[in-house]
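Protein chains get the first letters and strands the later ones, always in sequence-line order, with residue 1 at the start of each.
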Amino acid sequence: MKSLQKLLPFLTLILLFVALVIASPHFLTATNLSSVVRQTAVINIMALGMTIVIISGGIDLSVGSILGLSGIAGTMAMAHGASIAAGIAIGILTGLVCGMLNGIMITKLRIAPFIVTLGTLGIYRGIALIISNGLPVNKLPQGFSFLGEGNILGIPFVLWLLVLCALAVHFLLEHTRLGRYAFAIGSSTAAAVYAGIPVSFYTTAVYAIGGLLTGLAGMIEASRLMTGQPTAGFGYELQAIAAVVIGGGSLRGGEGSVVGTLVGAFIMGLLSNGSDLLGISNYVQQVVIGAVIILAVAVDELRKRRLV
Amino acid sequence: MLIELKNIQKRYGGVAALRDGNLAVNAGEVHLLLGENGAGKSTLMKIVAGLVERDGGQMLWNGAEVHLKTPAEAAKIGVAMVHQESLLAPQLTVAENIFLGREESHPLGWVKRRRAVEAAARLIEQHHFPLRAEWKVEKLSPAGKQLVEICRAIQHGSSLLIFDEPTSSLSGAETEEVFRIVRTLRARRMGVIYITHRLEELRAIGDRVTILRDGQTVHRGDLAELTTNQIISHMVGRQVSSTYHRDPFPPGEPMLELEGLTVKGKIDNVSLTLRAGEIVGMAGLIGAGRTELCRAIFGVDRPDKGSIKVAGKLVRVDSPRAAVKAGIALVTEDRQITGLALPLPIAVNMTMANTEGISRFGILDLKKQATVAADYITRLRIKAQSGSQPAGRLSGGNQQKVVIAKWLFTQPRVFLFDEPTRGIDVGAKAEVFDFMHELAKSGAAILMVSSEMQELLQVADRIIVMRQGKISGELPGRTTQQEIMRLATLESGLESIS
Ligand SMILES: Nc1ncnc2c1ncn2[C@@H]1O[C@H](COP(=O)(O)OP(=O)(O)OP(=O)(O)O)[C@@H](O)[C@H]1O
Ligand SMILES: [Mg+2]
């Protein structure tokens, strides 16, 4: 019973998949599936970062803006003659720095993460608009499209990337001190401090890693569109948070997993893809996704309550 | 019969917390409920107080079967409980907590705040508790919270009062006051159920006894017919001595030297030296500054003046991190807040302060972690299914053992124990003292803060007494309770508790 409920998100995903196979002949085609993967990969990679942040008891509302700023920074570098690799590196680095700044403000100024990142949500977006004059960055090198649209062995390159990131974050969470401390800080900051854990350092590191992954997601998004959009990623923070929460992460901290988050992100991806295929309007989609979030958390709470 | 519990069962997932719980309490008696850590005492009482629902068995209230599903339903028939782990609202004041759920309100709906504060102040005054009605509960020490729980329960209960280890962090004067309260309730013909691991308390207030072991009632009877050793063997099912004896060895080099340590308003010019191999006891009343001293040594509060030397070297301890690095460990008195990350597994908690100890090349060795945890679980007799069980699902005493294990694993040179045996059963106490002895033998210096004078007298080589933030004297290990009390109370030391 207990494990069944734990598996619920997973079962939901499978059920959703099967239902879509039956409901739409266009679903189970290579083009459609690869487009689902490419669409979800961006949110998924952000959500992996968000998973660590949420496990540590924090939240990052600014990831949508970080995504936009990273994309702009990376593409502008390329437009000004930087190599593709350098451009991507600059985008990722921008994300890392943005996340780190969030972490530093949270730990040094002792302001709640919600507030700090609500502030930087505006600041980072504003900077993206300022440096780009609000205009998209075009004229990117042809090869850049490989990041978002290329294939290796017939499988979308972004899927390889996603798997790599997922494995790395899983390893980080379960097998390194950083992951261990993220859980500890999220479960009880007081106990973590008294155990001699350098809480500020690791909190900052957690946000920095979240930013880094968001920076990568930003470059993928830019590559898919082959432009740097200063408005890219608008509203993505809610989708990333939703993916973590559907996958069993708790906003109280101390809970969450890579597998859960991946499942959560794919559930949302399938919901929106399925609605598109079945001609369900965008408006209805929003209602459905909202309802799924509440339902997922309600089921999770029920599971926990039974055990207390 | 006021209340009768028959064949009560309760399972948590795979574990049976209660298999066959039986208990009968008359009006006008003080009924002791005894048993090892994890025997099911708290669970049985939470069922009576409406906090937990039973899976099976009967509960008769004045002869009629009842099902109490919420604390509010229990309160309606006059049942109230002093909880082992504070269930107070931390952000509210002492007065608000005492009257929470029973606020007197104006006919138009607003709460009569001033009246509540006055009533709470009267109650506190009447019992001489070192509290103020307007203090925030969050800022109180465990002892302070315990006193608020007690005030709250006597306000809410009218027919049956349950005390779940009410004195576990109280010292002499407050403990006496709790006894007085219990006797008054008995004289008013109320039923009282009293849980404790402090064996010397039994004879002071108990009338009858029920003993639980592994979720089953194994003995019921009059207290007068049992010797303490019989009680212990019913509890643990084996022979354990209730007194502990150790042979001190000659102390070695100074391991911790404090010179004029001062934290404004908390501790005042404290100088002391702990030597390798020594177990130094620290006594004092609630609020004497013992916890504050530990916090200052451990880098939680920064000292305004004074110096700390570890193993002869001057150290700057400005954070717990620095303290841990310098080889200092602190078993805090508040296991649920500063001691444990309750949702995380036992094994993770035990290794949290020493992840280096389970890492290779910076990567956690989860096998080693499991081995370490399994080892402490056996050695400290922690009643758990496995090391991967969340620490918050353990009984109070077993949680305390996890905190102790966590610090044992850091292998420190200076060990500060703040009320280490709080809520630990008699068997495990001996185990903990053995560990301390081993630590001392291996060259660590130990400072043990305790409100239980008996245990200080059994374990400590010498006893330092604090009063109002100062050291008021030092006594040899073989001293008497009277001597300790004399130094602890020279003047009434009942100022700030927070
Ligand atoms: N919320 C819970 N979830 C799972 N198991 C629990 C929970 N609470 C208690 N238990 C288990 O039930 C058993 C009885 O616990 P209980 O708290 O009643 O013990 P206790 O006799 O009060 O012990 P102590 O003297 O340490 O306070 C223990 O084995 C404990 O691990
Ligand atoms: Mg208990």
Side-chain angles (χ1 to χ4, degrees), chain A residues 1-6 54-57 107-108 110 167-168 170-205 248-257 300-308, chain B residues 11-15 51-52 294-295 298-300 317 319-332 334-345 347-356 358-366 369 389-393 403 406-407 409-410 412:
Chain A
M1 189 64 204
K2 189 172 104 194
S3 46
L4 183 89
Q5 274 173 344
K6 241 186 178 161
I54 285 180
I55 284 173
S56 78
T107 52
K108 294 289 172 240
R110 292 169 190 266
L167 287 175
H170 178 79
F171 183 80
L172 207 65
L173 280 176
E174 304 296 330
H175 297 276
T176 70
R177 214 170 283 171
L178 182 130
R180 173 58 52 87
Y181 291 166
F183 277 102
I185 295 166
S187 303
S188 166
T189 312
V193 169
Y194 273 84
I197 295 172
V199 170
S200 300
F201 173 81
Y202 280 98
T203 304
T204 308
S250 163
L251 291 183
R252 279 188 300 263
E255 271 179 277
S257 69
D300 206 41
E301 284 298 319
L302 213 64
R303 172 175 69 85
K304 279 178 224 151
R305 196 162 329 143
R306 198 158 304 160
L307 282 173
V308 233
Chain B
R11 299 186 69 82
Y12 286 110
V15 248
L51 281 155
V52 168
C294 291
R295 286 167 56 101
F298 197 62
V300 183
V317 181
S319 67
R321 166 133 196 92
V324 171
K325 274 197 166 157
I328 306 174
L330 168 62
V331 174
T332 49
D334 202 330
R335 56 179 169 248
Q336 297 233 319
I337 297 173
T338 55
L340 295 172
L342 292 172
L344 297 186
V348 170
N349 272 289
M350 282 181 176
T351 53
M352 195 192 280
N354 182 15
T355 42
E356 283 88 351
I358 53 157
S359 309
R360 247 186 311 169
F361 313 115
I363 291 163
L364 300 177
D365 181 348
L366 299 182
Q369 169 181 310
Q389 195 182 343
R393 303 253 170 84
V403 181
K406 168 169 87 175
W407 290 109
F409 188 53
T410 62

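- Two residues are said to be in side-chain contact when any heavy atoms from C-beta on lie closer than 4.5 Å; B:Pro343 and A:Glu255 fail this criterion.
- A:Arg177 has its side chain within reach of B:Glu356: a pair of non-hydrogen atoms, C-beta onward, lies under 4.5 Å apart.
- Within the 3.5 Å criterion, the main-chain N or O of B:Thr338 finds no donor-acceptor partner in the side chain of A:Ser188.
- B:Lys406 touches chain A through its side chain: at least one heavy atom from C-beta onward sits under 4.5 Å away, while N, CA, C and O do not.
- Every residue two or more places apart in sequence or in another chain that forms a side chain to side chain contact (heavy atoms under 4.5 Å, CB included) with A:Leu172 is listed here: A:Ile52, A:Thr176, A:Leu178, A:Ile209.
- With a 4.5 Å cut-off on non-hydrogen atoms, B:Thr351 touches chain A through its side chain but not through its backbone.
- Of the two parts of B:Leu342, neither the backbone nor the side chain holds a non-hydrogen atom closer than 4.5 Å to a non-hydrogen atom of chain A.
- Nearest approach of A:Ala191 to B:Gly339, heavy atoms of both residues: CB-C, 4.2 Å.
- Under the salt bridge (Lys or Arg N to Asp or Glu O under 4.0 Å) criterion, no residue pair touches residues 188-197 of chain A, with sequence neighbours excluded.
- At a threshold of 4.5 Å between non-hydrogen side-chain atoms, the residues A:Tyr194 and B:Met352 do not count as touching.
- Of all heavy-atom pairs spanning A:Arg180 and B:Ile358, the tightest one is NH1-CD1, 4.1 Å.
- Top candidate by heavy-atom pairs under 4.5 Å with chain B, chosen from A:Pro198, A:Gly254, A:Ala184, is A:Pro198.
- With a 4.5 angstrom heavy-atom cutoff, B:Leu366 touches chain A only via side-chain atoms.
- In this structure, no portion of B:Arg360 lies under 4.5 Å from any heavy atom of chain A.
- For the set B:Leu330, B:Thr355, B:Val324, B:Val348, the entry with the most heavy-atom pairs within less than 4.5 Å of chain A is B:Thr355.
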